[in-house]
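Here is the structure we will look at.
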Protein chains: 2
Amino acid sequence: MNNQTTAITEELRARGLRVTAARRAVLEWLVSHPHATVEQVYLGVLRQLGTISRQAVYDVLSACVDAELVRQIKPSGHPARFERRTGDNHHHLVCRGCGRIADTDCHTSHAPCLSPSHDHGFEIDQAEVVFWGLCAACQSNERSGVDTVN
Amino acid sequence: MNNQTTAITEELRARGLRVTAARRAVLEWLVSHPHATVEQVYLGVLRQLGTISRQAVYDVLSACVDAELVRQIKPSGHPARFERRTGDNHHHLVCRGCGRIADTDCHTSHAPCLSPSHDHGFEIDQAEVVFWGLCAACQSNERSGVDTVN
DNA sequence: CGGTTTTCTTGACTCATTCAAGTTAATCGC
DNA sequence: GCGATTAACTTGAATGAGTCAAGAAAACCG
């Protein structure tokens, strides 16, 4: 068991989650593949472990999101994407064409816009900033009329 | 034809869209029902017109979104919602429980956070801010263990 | 090691949304 | 106003991400 695997094991234990092969593989895989979809995680872990069900990936990711080990991003009209939670408060660029996601740092450390004046009785737990646009690949494909699959 | 209906007719013409009963009814209905789902629009317009298909509502809304007469909001895990485009740059509070949406104004007129430093080759056209939380109704229902349908 | 509880597997199901083919109705030129 | 053209609408089937449910497997605790 290498260092990273040990660290992941500890993280799981610290949140009271059982340590399973599926969980270790999913978390380890996410480190090298940020913003992955369920399908991508499934295929990646399948190749590594040899066997896992799609449902298990859903379960693992859902448990890890609840335990705040993983952050879930759900861009409109595209399947959800997942990334290891790093604690830094970065935002996301989402491509309207292929759903690809890129990280972007906040210009200002403290974002004044992120505390709404009127909360309408809402109990707010998260502010989310998403920048929409077209990634480089989709820009050129749009010109040539080709569709992109990410 | 009242003033509002006339205004809607002009707006449609101005964007090169044909003026149909369905489009007028959908747009008119949205004025009094912001953040409506497709289903809600469908039922509302059905009651008013007597006949319309769900698909027509999808088509009308999609055409109006393209023509920038309507703004579409797609909260994760909830059906899309629609509102007349007013030009003001307000943001949305979304309830995790029932998907209900409330408007909130930006604290600052100019949002420094909304121009990402590094664009990774993306051509950015929109910045979106969403506040996630629980609305008043879902807060009390969560305490009493009841589910809410909005 | 055995019991308990969580997690994983399999497969069916949901539901918003999209697709496709054919019909209807706005708009344009006459 | 009236037919031709083209955009919209109707109907019904299909898609696909995600969820649910029941039973099997495997972590963890003592």
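Salt bridge Glu128(B)/Lys74(B): absent, no basic N to carboxylate O contact under 4.0 Å. Contact check on Arg84(B) versus Glu11(B) returns a salt bridge, with a Lys/Arg side-chain nitrogen under 4.0 Å from an Asp/Glu carboxylate oxygen.
Using a 4.0 Å heavy-atom distance criterion, Thr20(B) is classed as a sugar-phosphate-only contact. The residue Ala22(B) sits close only to the backbone: its heavy atoms come under 4.0 Å of sugar-phosphate atoms, none of a base. Residue Ala80(A) is in sugar-phosphate contact alone, with no base atom involved, counting any heavy-atom pair closer than 4.0 Å across all strands shown.
dT24(C) atom C1' lies 15 Å from atom CG of Leu49(B), rounded to whole Å. For the pair Arg54(B) CZ and dA14(D) P, the interatomic distance rounds to 19 Å; values are reported in whole Å. Rounded to whole angstrom, the span from the CZ atom of Arg23(B) across to the P atom of dT10(D) amounts to 12 Å. Distance Tyr42(B) OH to dT17(C) P: 15 Å, rounded to the nearest Å. At whole-Å resolution of the value, CG in Leu12(B) and P in dC9(D) are 10 Å apart. Rounded to whole angstrom, the span from the CZ atom of Arg24(B) across to the P atom of dA26(C) amounts to 9 Å. Asp59(B) places its CG atom 13 Å from the P atom of dT11(D), with the value rounded to the nearest Å. Atom CG of Leu17(A) is separated from atom P of dT6(C) by 12 Å (rounded to the nearest Å).
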- request: Tell me, with the steps shown, if Asp125(A) and Arg96(B) meet salt bridge (charged side-chain N to carboxylate O under 4.0 Å, His left out).
  value: CA-CA 10 Å; Asp125(A) 59 59; Arg96(B) 287 189 195 284; 2.7 Å; yes
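Evaluation of the ring-ring contact (aromatic ring centres under 6.0 Å, His included) test over residues 2-30 of chain A, restricted to residues two or more places apart or in two chains, returns Trp29(A)-His33(A).
For Glu28(A), there are no salt bridge (charged side-chain N to carboxylate O under 4.0 Å, His left out) partners, not counting sequence neighbours.
Looking at which nucleotide of DNA chain C each of Gln72(B) and Thr51(A) is closest to, the 5′-most match is held by Thr51(A). Mapping Gly16(B) and Gln55(B) onto DNA chain D via the closest heavy atom, the residue that lands nearer the 5' end is Gly16(B).
Side-chain N/O atoms of Arg18(A) and base N/O atoms of dT5(C) include a donor-acceptor pair closer than 3.5 Å.
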